[in-house]
Number of protein chains: 2
Amino acid sequence: MTKAALRTFDEAGLLDTAARLFRQKGFAATTLREIAQAAGVLPGSIHYRYPAKEALLVALMDRAIERAIAAVQTAADQTSDPTERVRLGLRAHLQLLLSGDDGVYVLLYDWRSLAGRAREEIVRLRDRYEAFWDGMLYEAAGAGRLRPGVDLKLVRLFGFGAVNWVATWYSPGGDRTPEQIADVFWSYMALGLLSDDQRHDAAPTNLSVPEPPSPSPKEGR
Amino acid sequence: MTKAALRTFDEAGLLDTAARLFRQKGFAATTLREIAQAAGVLPGSIHYRYPAKEALLVALMDRAIERAIAAVQTAADQTSDPTERVRLGLRAHLQLLLSGDDGVYVLLYDWRSLAGRAREEIVRLRDRYEAFWDGMLYEAAGAGRLRPGVDLKLVRLFGFGAVNWVATWYSPGGDRTPEQIADVFWSYMALGLLSDDQRHDAAPTNLSVPEPPSPSPKEGR
DNA sequence: CAATCTGTTGGTCGCATGACCAAGGCAGCA
DNA sequence: TGCTGCCTTGGTCATGCGACCAACAGATTG
């Protein structure tokens, strides 16, 4: 322990505690006093660092998204194969989400609690993460690994949905590890569910079913 | 206007309003007074019907899940082909979720706000819905349409995740209708993303058992 | 008409909340 | 040793909450 460690307020511990409570009860239903008590500090001490409850949430989410980007980046960088990079990234994302890091969960499910500027800030961070994923998918597609016509943005959106939802039903005592879950999802998504003798007539060959890529005048989101 | 219409309290309208607000701001952050004002009734009138705020949420969710089951059932029953039933059911689920029926959204994302008995009740209802889906998937698998070894429960979980997550990013002005989104997801999931010349060596043939292939020497964290 | 039943009205109540702050202590530096 | 600035302490404050209810209105029924 350095001298600094003695002087330094356990900010990480506070955020961890807050994340845990926010996850359990939701942001609005969690009181500052609860957080303070659980973290072993006084409410005033929290106020000293975070002028408002919302600031705590933002700090929490900020940290979580940095962690997520770093984890996925590191995992993906272990290979140069574009398809493998996606699979490893997926694994890392799920591992982090299920590792007990409540911050990521809160980031995913509690952003509705934010409004105004704080919301925009988080959305901006989230967009960065999404753009990062889009990049990986784009490279996999560019390497000719994916069917032509696949809408990468939709793939990312579907993938995020399926994977993020896991946090909703996963239990550590279950019969599958996070890594296994990630790999199973990856294999289903990559190969499809239909058996080989069914696949030719089950769906249109062109997977980009609706004509999408024309930028519409009506902007989305 | 029948006599009954005059006498009958607009319970549906109340629940709709409550659902809209819960979706926008979350359950805990929405006050009874807000709901009352938005619905054009007095707070006391709500209390007359629902002894506690939580009861409102439960009633809302109850109604939503009944709607969902009915919608999916109806859609699926339009064909007897097991695979088609799944596709049509998926469509119906997404249509309902994106139709502006905030109740379904609230059901999916706000169940954390419930505790104790109320929570159990909703979980029980949800389980019924899930069992219903499992039945459809089981029949599709039984008809030999799916690859052997596919874990149906995981398929359902992944599918729910991807589809439910759509509510998070969908905007009515976008360039895809709910039906198109459902169909695209279905085609990706059914056929897979990999191009035909890649699929043989990209993943294990047996989709059921993950067992980390350990291509990565460094196991991340 | 009288009795009843359904639903509304306009409050009140106690309480927990988020925000805030003056005063004090204590480590590190001069 | 005395000073300085960071951080904590133990509160206060106004606000708005969910829950609750006695009284009442109007339609329905006998």
Side-chain angles (χ1 to χ4, degrees), chain A residues 1-22 24-61 106 110 112-119, chain B residues 1-22 24-61 106 110 112-119:
Chain A
M1 288 297 182
T2 73
K3 286 186 290 185
L6 282 176
R7 286 187 69 250
T8 300
F9 180 81
D10 184 8
E11 199 146 341
L14 210 216
L15 292 182
D16 285 342
T17 304
R20 202 186 72 235
L21 292 175
F22 287 163
Q24 279 169 12
K25 325 181 28 174
F27 174 75
T30 306
T31 72
L32 278 177
R33 289 172 231 260
E34 269 178 317
I35 299 171
Q37 194 180 7
V41 299
L42 292 179
S45 299
I46 296 182
H47 177 70
Y48 177 73
R49 262 153 264 262
Y50 304 98
K53 195 180 161 189
E54 221 182 39
L56 229 185
L57 222 209
V58 171
L60 198 88
M61 291 182 164
V106 169
D110 261 338
R112 271 188 301 154
S113 302
L114 291 173
R117 268 182 46 75
R119 182 123 153 196
Chain B
M1 293 280 190
T2 73
K3 284 186 289 184
L6 283 176
R7 285 187 68 251
T8 300
F9 179 81
D10 184 9
E11 199 146 343
L14 209 216
L15 292 183
D16 286 342
T17 304
R20 202 184 74 236
L21 292 175
F22 287 163
Q24 281 169 12
K25 325 182 26 174
F27 175 74
T30 306
T31 71
L32 277 177
R33 291 172 230 258
E34 270 178 317
I35 300 171
Q37 194 180 7
V41 299
L42 292 180
S45 299
I46 296 182
H47 178 71
Y48 176 71
R49 262 154 266 262
Y50 303 99
K53 195 180 163 190
E54 219 181 40
L56 229 186
L57 221 209
V58 172
L60 198 90
M61 290 182 164
V106 169
D110 261 339
R112 271 188 301 154
S113 302
L114 290 173
R117 269 182 45 76
R119 182 123 152 197

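Note on naming: letters A, B, ... go to the chains in the order of the sequence lines (proteins, then strands), and numbering restarts at 1 for each one.
Between B:Ile35 atom CD1 and D:dA19 atom P there is a gap of 11 Å when expressed in whole angstrom units. Between the CG atom of B:Leu32 and the C1' atom of D:dC17 there is a distance of 9 Å, given to the nearest Å. Atoms NZ (A:Lys53) and P (C:dG18) sit 4 Å apart, rounded to a whole Å. Rounded to an integer number of Å, the gap from B:His47 NE2 to D:dA22 C1' is 12 Å. Atoms OH (A:Tyr48) and P (C:dA23) sit 18 Å apart, rounded to a whole Å. For the pair B:Tyr50 OH and D:dC20 C1', the computed distance is 18 Å after rounding to whole Å. Rounded to a whole Å, the CG atom of A:Leu42 is 14 Å from the C1' atom of C:dG24. The separation between B:Ile46 atom CD1 and D:dC20 atom P is 15 Å, rounded to whole Å.
Between B:Asp110 and B:Phe27, the shortest heavy-atom distance links the atoms OD2-N, 3.6 Å.
For the pair A:Gly44 and A:Glu34, both in contact range of DNA chain C, the more 5′-proximal nearest nucleotide belongs to A:Glu34.
The side chain of B:Arg33 places an N or O atom within less than 4.0 Å of a non-bridging phosphate oxygen (OP1 or OP2) of D:dC17. For A:Thr31, a side-chain nitrogen or oxygen approaches OP1 or OP2 of C:dT17 to under 4.0 Å. For A:Ser45, no side-chain nitrogen or oxygen approaches OP1 or OP2 of D:dC7 to under 4.0 Å.
Between the OH atom of B:Tyr48 and the CG atom of B:Leu42 there is a distance of 15.0 Å, given to the nearest 0.5 Å. We find the NZ-OG1 distance between B:Lys53 and B:Thr31 to be 7.0 Å, quoted to the nearest 0.5 Å. Note that CD1 of B:Ile35 is 6.0 Å distant from OG1 of B:Thr30, once rounded to the nearest 0.5 Å.
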